[in-house]
Chemist: 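First the structure, then my questions, so here it is.
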Amino acid sequence: MGKQNELGVTPMSEDVSAWYNELVFKAELADRGPAKGTMVIRPYGYRIWELLQEQLDQRFKDTGHENAYFPLFIPQSYLQREADHVEGFAPELAVVTHGGGKELEEPLVVRPTSETVIGEMYSRWIASYRDLPVLINAWNNVVRWELRPRIFLRTTEFLWQEGHTAHADEADAMEETLKMFGVYQEFVRNVAAIPMVAGEKTPGERFAGAVRTYTIEGMMRDGKALQSGTSHYLGTNFAKAFDITFQDRDNEVRHVHTTSWGMSTRMVGAVILAHGDDAGLVLPPRLAPIQAVLVPIGRGDQGDAPRTKAYELADRLRAAGVRVHVDDRDASPGFRFNDWELKGVPLRIELGPRDLEAEQVLVAQRVGEVDDRGRPVKEAVGFDALATFVPERLDAYHDQLLQRAIAFRDEHSGPADDWATFGSLVERGFAAALHCGRTVCEDDVKARTGATPRCIPTDGADERGPCVACGEPSAYGKRVVFAKAY
RNA sequence: CGGGGUGUGGCGCAGCUUGGUUAGCGCACCUGCUUUGGGAGCAGGGGGUCGCCGGUUCGAAUCCGGCCACCCCGACCA
């Protein structure tokens with residue numbers, strides 16, 4: 001545990017890892033479960049997940065998908081049908097060997113992902129080209145045994161959504177893969193205010209069983225990358241393993257082409273690590289359980305009027321669609337200010353006897369201009385203007401956070417044309433370099449610097465040359481982004 | 001599985017080296033009074049099988065042996 005400041009949290013500037021761990025507990029986002037690697041998501045943290053879910057789910061529905069649910073238990077033999085898939089997941093499976101007091105004839109694995117059960121079901125449901133495409137998404141929990149858990153980032157059980165679609169041909173399936181890849185990119189930018197580097201995974205980093213894997217990689221405040229969402233084109237790998245076929249217009253029986261795509265509770269960790277600061281959480285408004293907190297000031301007779309007014313203003317804000325909370329706890333103003341800053345609430349609205357007289361409130365932004373004492377500059381807003389002011393300000397604040405994150409990412413990224421530059425860049429952020437694409441060389445880079453290839457950015461320019469690490473001719477015709485990753 | 005560390009009221013820690021009053025401190029909690037524009041004050045109060053098992057001893061939180069758990073750093077990973 002690091003040196004804690006007066007908030008009881010190690011400053012982020014001092015030790016990001018300690019800061020993250022302490023903040024997750026202090027801000028009441030989550031707690032550790034009794035079994036190693038498990039987490040309890042507390043109401044404040046779960047609300048962030050719910051907001052994320054609602055907005056992501058809407059996008060899935062808008063692109064023609066329907067939700068369904070598939071079982072938690074999968075016969076062990078199913079996992080084994082796709083060679084790469086078993087190999088990839090075998091080390092992290094939880095296996096149930098007993099049920100009802102008896103040893104099972106065939107062990108059941110607790111799903112680490114659902115390609116296999118879904119493949120089995122799709123093979124039953126699909127017979128004709130008229131049945132295609134199948135566009136289904138599932139919200140569920142999965143289990144992957146973790147050697148080194150970290151709350152939200154890597155837990156043995158986590159929540160996510162997994163989309164699974166089946167198509168008549170490669171073109172259609174690739175279109176779907178890229179469409180959902182695009183949905184994730186748009187979502188993280190417009191909802192989570194995180195600019196991500198989007199691109200394709202190198203063969204060594206591909207999903208087990210995928211032909212192509214696309215990823216969005218966010219930059220955290222310590223310059224490390226966090227894989228935050230993936231979209232896979234699975235080709236006919238699962239169709240062949242599970243015999244998912246259809247009869248086409250020309251009477252030919254063909255295998256379907258499938259895709260899968262997912263985003264998990266890890267995204268909550270991405271929000272914490274991409275926006276937070278020494279004072280605690282910084283939540284983007286579209287994911288903030290509380291977007292504006294009203295803090296009435298004054299005690300006893302002095303406090304009655306501000307409190308009453310605060311509730312009245314809260315009603316008006318709520319009517320304007322703002323998630324608002326009145327904090328009239330019997331605690332000092334300073335305590336309450338710090339508390340909501342720790343919890344990352346975008347706007348604080350102060351209302352004391354002096355303001356009441358002036359028919360106004362003071363609005364302070366969680367991240368924004370500060371005075372020479374480091375305190376936020378507070379803006380006076382008249383009572384009647386508040387309900388239009390707040391929603392506008394929340395949108396502007398979202399843009400500010402996004403711009404701040406873009407600037408941070410750009411300051412910590414750059415091209416690396418020689419080994420020395422590469423080494424120093426991955427110490428503080430992302431390095432874009434030409435690479436030979438050989439897995440042995442990727443492993444060597446990892447051993448020497450700790451960095452791994454995160455992706456081949458989709459928007460990268462055509463470029464060829466010697467590999468930054470070994471000098472062999474570069475692969476992919478583009479630069480690869482390398483970084484240390486969570 | 002390697003390397004490091006920690007287990008003492010809800011949380012954070014001290015005490016252990018050199019065994020010996022009733023195991024202490026801060027925060028949190030409860031009661032009362034005063035207090036409220038950047039973590040309020042005073043007074044009173046409740047709360048502990050000192051991770052577990054065994055050993056040494058007149059006596060163990062403290063010494064010895066074993067075990068367990070968790071955390072951090074590496075190898076696998078959304």
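Proteins come first, then strands; the chains are lettered A, B, ... in the order of their sequence lines, and each starts at number 1. These numbers come from a predicted model, not from an experiment.
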Chemist: Specify the separation, in whole Å, of atom CZ of A:Arg150 and atom P of B:C76.
Modeler: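 These atoms are roughly 17 Å apart.
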Chemist: Suppose you measure atom C1' in B:G9 against the same atom in B:G3; what distance do you get, rounded to whole Å?
Modeler: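 Here B:G9 and B:G3 have their C1' atoms 33 Å from each other.
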Chemist: Given atom CG of A:Leu153 and atom P of B:C77, what is their separation to the nearest angstrom?
Modeler: 17 Å
Chemist: So does A:Ala192 get a backbone contact from the side chain of A:His275, meaning a donor-acceptor N/O pair under 3.5 Å?
Modeler: yes
Chemist: Would you measure the distance from the C1' atom in B:C70 across to the matching atom in B:U34 and give it in whole Å?
Modeler: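 Result for the C1' pair: 44 Å, nearest Å.
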Chemist: Nearest to the side chain of A:Arg336 - B:U36, B:A78, B:G38?
Modeler: B:U36
Chemist: Could you give the distance separating B:C50 and B:G7 at their C1' atoms, to the nearest angstrom?
Modeler: 10 Å
Chemist: Any idea which of B:C77, B:C71, B:A78 is nearest the A:Arg32 side chain?
Modeler: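 The listed nucleotide nearest to A:Arg32's side chain is B:C71.
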Chemist: Work out how far the C1' atom of B:U8 is from that of B:U49, and round it to whole angstrom.
Modeler: 12 Å
Chemist: Considering only atom P, compute the distance from B:C27 to B:G20 and round it to an integer number of Å.
Modeler: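 Their P atoms lie roughly 28 Å apart.
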Chemist: Between A:Arg316 and A:Glu312, is there a salt bridge with N-O shorter than 4.0 Å?
Modeler: yes
Chemist: In whole angstrom, what separates A:Leu273's CG from B:A78's P?
Modeler: 17 Å
Chemist: Determine which nucleotide pairs with B:G74, using a 3.5 Å limit on both distances of a Watson-Crick or G-U wobble pair.
Modeler: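 When the pairing criteria are applied, B:C1 turns out to be the nucleotide that pairs with B:G74.
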Chemist: Over how many whole Å does the gap from A:Ile297 atom CD1 to B:U36 atom C1' extend?
Modeler: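 Value for this atom pair: 8 Å.
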Chemist: With nearest nucleotides of RNA chain B determined for A:Tyr486 and A:Ala331 from heavy-atom distances, which residue corresponds to the more 5′ nucleotide?
Modeler: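 Its nearest nucleotide lies further toward 5', so the answer is A:Ala331.
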Chemist: When rounded to the nearest Å, what value does the distance between C1' atoms of B:G45 and B:A28 take?
Modeler: 14 Å
Chemist: Give none if B:G32 has no partner; otherwise give the nucleotide forming a Watson-Crick or G-U wobble pair with it, both distances under 3.5 Å.
Modeler: B:C42
Chemist: Which one of A:His164, A:Glu115, A:Glu162 satisfies the side-chain hydrogen bond (donor to acceptor under 3.5 Å, both in side chains) criterion with A:Ser260?
Modeler: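 Between A:Ser260 and the candidates, side-chain hydrogen bond (donor to acceptor under 3.5 Å, both in side chains) is satisfied uniquely by A:Glu115.
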Chemist: Tell me the interatomic distance from A:Leu147, atom CG, to B:A78, atom P, rounded to whole angstroms.
Modeler: 13 Å
Chemist: Looking at B:C63, which nucleotide sits across from it as a Watson-Crick or G-U wobble partner, both distances under 3.5 angstrom, or is there none?
Modeler: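 Base-paired to B:G55.
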Chemist: Which nucleotide, B:C73, B:G38, B:A75, lies nearest any side-chain atom of A:Arg375?
Modeler: B:G38
Chemist: Assess the pair A:Tyr214 and A:Tyr233: is the distance between their ring centroids shorter than 6.0 Å?
Modeler: no
Chemist: Closest nucleotide of RNA chain B for A:Gln227 versus for A:Leu356: which of these residues is on the 5' side?
Modeler: A:Leu356
Chemist: Closest approach to the side chain of A:Ser332, judged atom by atom: which nucleotide of B:G38, B:A40, B:A78 is it?
Modeler: B:A40
Chemist: Which nucleotide, if any, forms a Watson-Crick or G-U wobble pair with B:U21, using both distances under 3.5 Å?
Modeler: none
Chemist: Which of these nucleotides, B:A78, B:G38, B:C76, is closest to any side-chain atom of A:Lys446?
Modeler: B:C76
Chemist: Identify which nucleotide among B:A78, B:G37, B:C72 has an atom closest to any side-chain atom of A:Asp355, counting heavy atoms from C-beta outward.
Modeler: B:G37
Chemist: I'd like the C1' distance from B:C68 over to B:A78, given in whole Å.
Modeler: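 About 31 Å, rounded to a whole number of Å.
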Chemist: Looking only at atom P, what distance separates B:C11 and B:C52, rounded to whole Å?
Modeler: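 Taking atom P in both B:C11 and B:C52, they lie 15 Å apart.
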Chemist: Whole angstrom is fine here: how far is it from CD in A:Glu205 over to C1' in B:A78?
Modeler: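 Those two atoms, CD and C1', are 12 Å apart.
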Chemist: Taking A:Arg111 for the side chain and A:Phe70 for the main chain, is one N or O donor matched with an acceptor at less than 3.5 Å?
Modeler: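 Yes; at least one donor-acceptor contact below 3.5 Å.
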Chemist: To the nearest Å, give me how far apart CD (A:Glu162) and P (B:A78) are.
Modeler: 14 Å
Chemist: Rounding to a whole Å, what distance do you find between A:Arg148:CZ and B:C70:P?
Modeler: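 Rounded to whole Å, this separation is 15 Å.
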Chemist: Determine whether the aromatic ring centres of residues A:Trp49 and A:Phe152 are separated by less than 6.0 angstrom.
Modeler: no
